[in-house]
Amino acid sequence: MSLQHIGLNEVNGPLIALDNVKGVGYDEVAKIKLEDGTERIGRVVEISGEKVILQVFEGTNGLSLENTKTKFTGKPMEMPLSKEVLGRVFNGAGKPIDGLGDIYAEKFADINGKPINPVSRVYPRNYIRTGISSIDCLTTLIRGQKLPIFSGSGLSHNKLAVQIVRQAQIAEDSGEDFAIVFAAMGVKNDIADYFRRSFVDSGVLNKVAMFINLSNDPIIERILTPRCALTVAEYLAHEKGMHILVIMTDMTSYAEALREFSSSKGEIPGRKGYPGYLYSDLASLYERAGIIKGSKGSVTQIPILTMPNDDITHPVPDLTGYITEGQIVLNRNLDQAGVYPSVSVLPSLSRLMKDGIGEGYTRFDHSAVANQLFASYARVQEARSLASVIGEEELSDIDKAYMEFGVQFEKNFIAQGFEENRSIEDTLDLGWDLLCLLPKSEIDRVDEKLLEEKYDPKKAERFKNAE
Amino acid sequence: MNTVYSINGPVIKVKDTKDFMMLEMVYVGEKKLIGEVIGITDEFTTIQVYESTTGLKVGEPVYTTGAPLSATLGPGIMSNIFDGIERPLKKLEEQQGAFIDEGASLISIDDNVEYDVTITVRVGDYLNGGDVYAICPETYVVTHYCMLSPLLKGEVIWVNSNGKYKINDVVCRIKTDDNKEVDLTLCQKWPIRNPRPVKRRLSISKPLITGQRVIDTLLPISKGGAGAIPGGFGTGKTMTQHQFAKWCDADIIVYVGCGERGNEMTQVLDEFSELIDPRTNRPLTDRTILIANTSNMPVAAREASIYTGITLAEYYRDMGYHIAIMADSTSRWAEALREISGRLEEMPAEEGFPAYLPSRLSEFYERAGYIETLNGKEGSITIIGAVSPQGSDFSEPVTQNTKRFVRCFWALDKTLAYARHYPAINWITSYSEYVDDLKDYYDKSMGESFLRNRQRILNILLEEDKLMEIVKLIGADVLPDNQKLIIEIAKVIRVGFLQQNAYHQDDTYVPLKKQNLMMELILYLYDRCLKALEEKVPISVIISTGLFEKVIKVKYDIPNNALNKFEEYKKEIDDKFKELSISSSEWR
């Protein structure tokens, strides 16, 4: 038996209210039929006695208090799953939009997912080589990690993400069991297209499941987009044993959709108008990365977000940074100076890096090089701020050496070609060569023996001759 | 029967009933989700639910239990890992697999394990609340004392023989003053929001030694004290908390991962079972209790996890142990309060946080203390709370209110973290009010020079901070030699003393004695440099001796068990300076 409710009680933004409804569950999905025969999907967000509030994914355009018929399905929002999802394109709510018909589902899963029991997790340790020096050496990406890219409008985050996708060796032993899940939330059509083309160019399109919610698509769908994508990712990783890289862009649009939805529900706003539960909500997405015991697969996330006004203390990057295991921060000044990828090294960080590098993973001297590069580059900033006051000429010899090191480091180490794929050995050796630009006494994060072995001012000469 | 009337996220309401009492634990719906009553009016009773409410329907039953949300206290807690309402995560995994589902009901510590119990009372003994009636070994390093609930007293009328018992087996029976017979098992229940009573509070006099130089020497915390570690993301809060948990000299560690990352909790689990406690030669897990409510687990249970943690800590404190509890992070807990407060449509105060935030924070931090237990032993709880300020802005409500209730404030600094100076505790903005309380301890154990040296080190760092303002404007070259020396020696202190490498075998934990010797050595070098400057030796010549780098590397070059080597270093300093003064007299 299925009851149909005719008409509505209230329409407010993306929300509709119905009265005299019985036996409806929280989070349950409803189908709303319009007079012209089209159907929309809604979800229960609040129940009070016999009054039910639904959010309508496709928006409430054209709904009136009388022209609809609502049917409750008795189930929460589910995503059909099978290995066939690879190579397909979906809309934000998980419906195929590539004209190839519905997914023949092996099973259905609740898109909200369930929290992974911490004792069932495997601590991530295997690093993913991206072939990009600034990431491999300084903010190493680990399989099962969530490492966002903090960017700004107009910076090269999309290009960087594409390069990571193309070069990342997620499954080094066999190329078979890896795949990419791509979720675009509120991005422009050409950006989505840029990603699609790059997947075609690198020949991985049949390994990609794409979820596209464009910037003019309904915001409620945008809230579902990452959930559908992650449900697919979890299924492929934990049940099919695949290594999944999830790219989610742009998280800022997602958060704004959440804010819009929250305010139309009349909730009390927190900071900058975002709902008080923004942290919990973002966490319910990011925490779906990881590896669980007894399964071969992994879910690695690279969420991309644009910091409004390049402000890292804005609630979205701020809360993201508290949940994710590090961040890769892009910098506008570097970008303007023509450095690609414009990774700002100092605020970038990978929390899982320490246990995934060194002997047996990358190379024994990795952490020494990385620490020294961080420390020396931090010192470069001091020299630069001094130089901006007293002029470069007046600097001490050591400060001048740092200035030189800073320039060469940005030019040779951070900057690299879009097609350039560096091995970890090359990256680490390059780091040593650059450090040799500095006097030996300044290399204070490396122990004596290693320093003797690696330090040789001759190595740095190639940078000097280049000028 | 009471039924669900409305549902909004984790908050549900029941209409027209008088059956519930405030803070009572209830079961909600067919799945028996665990909830707690948080508001009662004439019309509605409001309940927060500790599990996901997806699929819950209006009209499903709500059951009363007649008791507040309580923790089960007994053997089996130690080296276990729980969620926010004391459900063992390993048991949940057995029941439900790798993903946490709702409706697991209130399972508690394992009731199938047998413990070797020795009964310590005889028939006719009169027991007061807190008195011990049985003991059993719980882990290799922790002996469990079964104590009479603080609310009971009475005469022992029957005891069982010594032997192997499970936690719910009756080991003795008492008759209370009003002639009621009460069976005593190995465990008891205690409502998590009520502090457990103590005989009296004692004054604070002993430090909690952590083996971290910047803490033990410059910014110490006492046993029974409360401290906060605020810092933006990426500044190393969690790392600092982990170092505390690994090395501090408390008997038992309670680590509450409150709204933090799942992988981090896994790391703690992995790492602590591999690490050996230097004092007991047993894995660190033997003395650790973990509470994990990761950021994607239900928000109401996150709010409860802090109370669960402190209740477990108090229970072991009452046995006469010294406990350190780490809460990572209290900001997530405050946000959980805010989230639930928002769902209740309460009037928000600052930044949307409820107006009762300060009182909740103070209630929590006041559960720290050095006390005499009801049975006459000494025990303590030290609270170390991490704070994650929004936008790294220390003026936000959680940081500001926390500051009022802690006496130790270790401010983590972004610039230091960017330069990979760890622990990134800023020595200028941090403070510890415990230094005066601990004066006697330091004087007795380390000699009176310790606090004097500490003050000198701090003065040099302050002086450097001032000089750096000038250097930023005009460069270091124009400074006179004695000020250049301050900058050089401050660098030795910063790099050689304050920076500490958590991954270095010797440097990860440094005994207080070595900390003192390192301070002495640095100041020794400083004094010799001052003397050489008086003899008109230029600072550049002093720097070229390489002594500064040498002293910086002392932390790696002198192992913790070869502290006599410090004398050799002093001799080398003497020799080098002798050479200098000979050659400088030649110049003259």
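So you know, we letter chains A, B, ... as the sequences are listed, proteins then strands, and number each from 1. Computed over heavy atoms, backbone and side chain alike; hydrogens, waters and symmetry mates excluded.
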(Q) Shorter than 4.5 Å, heavy atoms on both sides: which option in B/K13, B/E346, B/R332 has the most such pairs with chain A? (A) B/R332
Q) Non-hydrogen atoms of chain B under 4.5 Å away: do they reach the side chain of A/R351, the backbone, both or neither? A) side chain
Q.
Before you tell me yes or no, could you show the steps for A/Y279 and B/Q390 under side-chain contact (heavy atoms from CB on, under 4.5 Å), namely the whole-Å CA-CA distance, both residues' side-chain angles and the distance that decides it to 0.1 Å?
A. CA-CA 11 Å; A/Y279 179 84; B/Q390 301 169 350; over 6 Å; no
Q: Tell me, for A/K22 versus chain B, whether the close heavy atoms (under 4.5 Å) come from the side chain, the backbone, both or neither.
A: neither
(Q) Taking every non-hydrogen pair under 4.5 Å, which of B/I81, B/D101, B/D557 racks up the most with chain A? (A) B/D101
Q) Side chain, backbone, both or neither: which part of A/L346 has an atom under 4.5 Å from a heavy atom of chain B? A) both
Q.
Has A/R445 got a side-chain atom pairing as donor or acceptor with B/R420's backbone, closer than 3.5 angstrom?
A. yes
Q. Does one side chain, of B/E339 or A/S280, offer a donor that lies under 3.5 Å from an acceptor on the other?
A. yes
Q) What part of A/L352 gets closer than 4.5 Å to chain B, counting heavy atoms only: side chain, backbone, both or neither? A) side chain
**Q.** Test item: A/Y26 side-chain N/O and B/V58 main-chain N/O as donor-acceptor pair under 3.5 Å
**A.** no
Q) So what's closer than 4.5 Å to chain B heavy atoms on A/S388: side chain, backbone, both or neither? A) neither
Q | Leading residue by heavy atom contact count with chain B [cutoff under 4.5 Å; candidates A/K354, A/K293, A/R288, A/Q381] | A | A/K354
Q) Of all of B/E345, B/E93, B/M265, B/K472, which one pairs up most often with chain A through heavy atoms under 4.5 Å apart? A) B/E93
Q.
Looking at every heavy atom in both B/N296 and A/I116, which two are closest together, and how far apart are they?
A. ND2-N, 4.3 Å
(Q) Can you tell me which of B/G546, B/A476, B/G262 forms the most heavy-atom pairs within a distance under 4.5 Å of chain A? (A) B/G262
Q: Check whether A/P76 gets within reach of chain B through its side chain, its backbone, both or neither, counting any heavy atom under 4.5 Å.
A: side chain
(Q) If I measure from the heavy atoms of chain B, does A/V122 come under 4.5 Å with its side chain, its backbone, both, or neither? (A) backbone
Q | Segment of A/K51 engaging chain B (4.5 angstrom heavy-atom cut-off) | A | neither
Q: Below 4.5 Å from any heavy atom of chain A, which atoms of B/D270 appear? Answer side chain, backbone, both or neither.
A: side chain
**Q.** Spacing of OH belonging to A/Y286 relative to CZ belonging to B/R261, to within rounding of 0.5 Å
**A.** 12.0 Å
Q | Which portion of B/Y503 sits near chain A, non-hydrogen atoms under 4.5 angstrom | A | side chain
Q) By a 4.5 Å heavy-atom criterion (distance strictly below it), what part of A/D281 contacts chain B: side chain, backbone, both, or neither? A) neither
Q. Tell me, side chain or backbone of B/T54 under 4.5 Å from chain A's heavy atoms, or both, or neither?
A. both
Q | Contact class of A/S367 relative to chain B, heavy atoms under 4.5 angstrom | A | neither
Q. Any idea which of A/P124, A/G290, A/S385, A/S284 has the most non-hydrogen atom pairs under 4.5 angstrom with chain B?
A. A/P124
Q. What residue in B/S52, B/S331, B/G257, B/G232 has the most heavy-atom pairs under 4.5 Å with chain A?
A. B/G232
Q | Aromatic ring pairing B/F99/A/H238, orientation class (parallel under 30°, perpendicular over 60°, tilted between) | A | tilted
Q) Of the backbone (N, CA, C, O) and the side chain (C-beta and beyond), which part of A/P317 lies under 4.5 Å from a heavy atom of chain B, both, or neither? A) backbone
Q: For A/E442 and B/K491, work out which heavy atoms get closest and say how close.
A: OE2-NZ, 4.4 Å
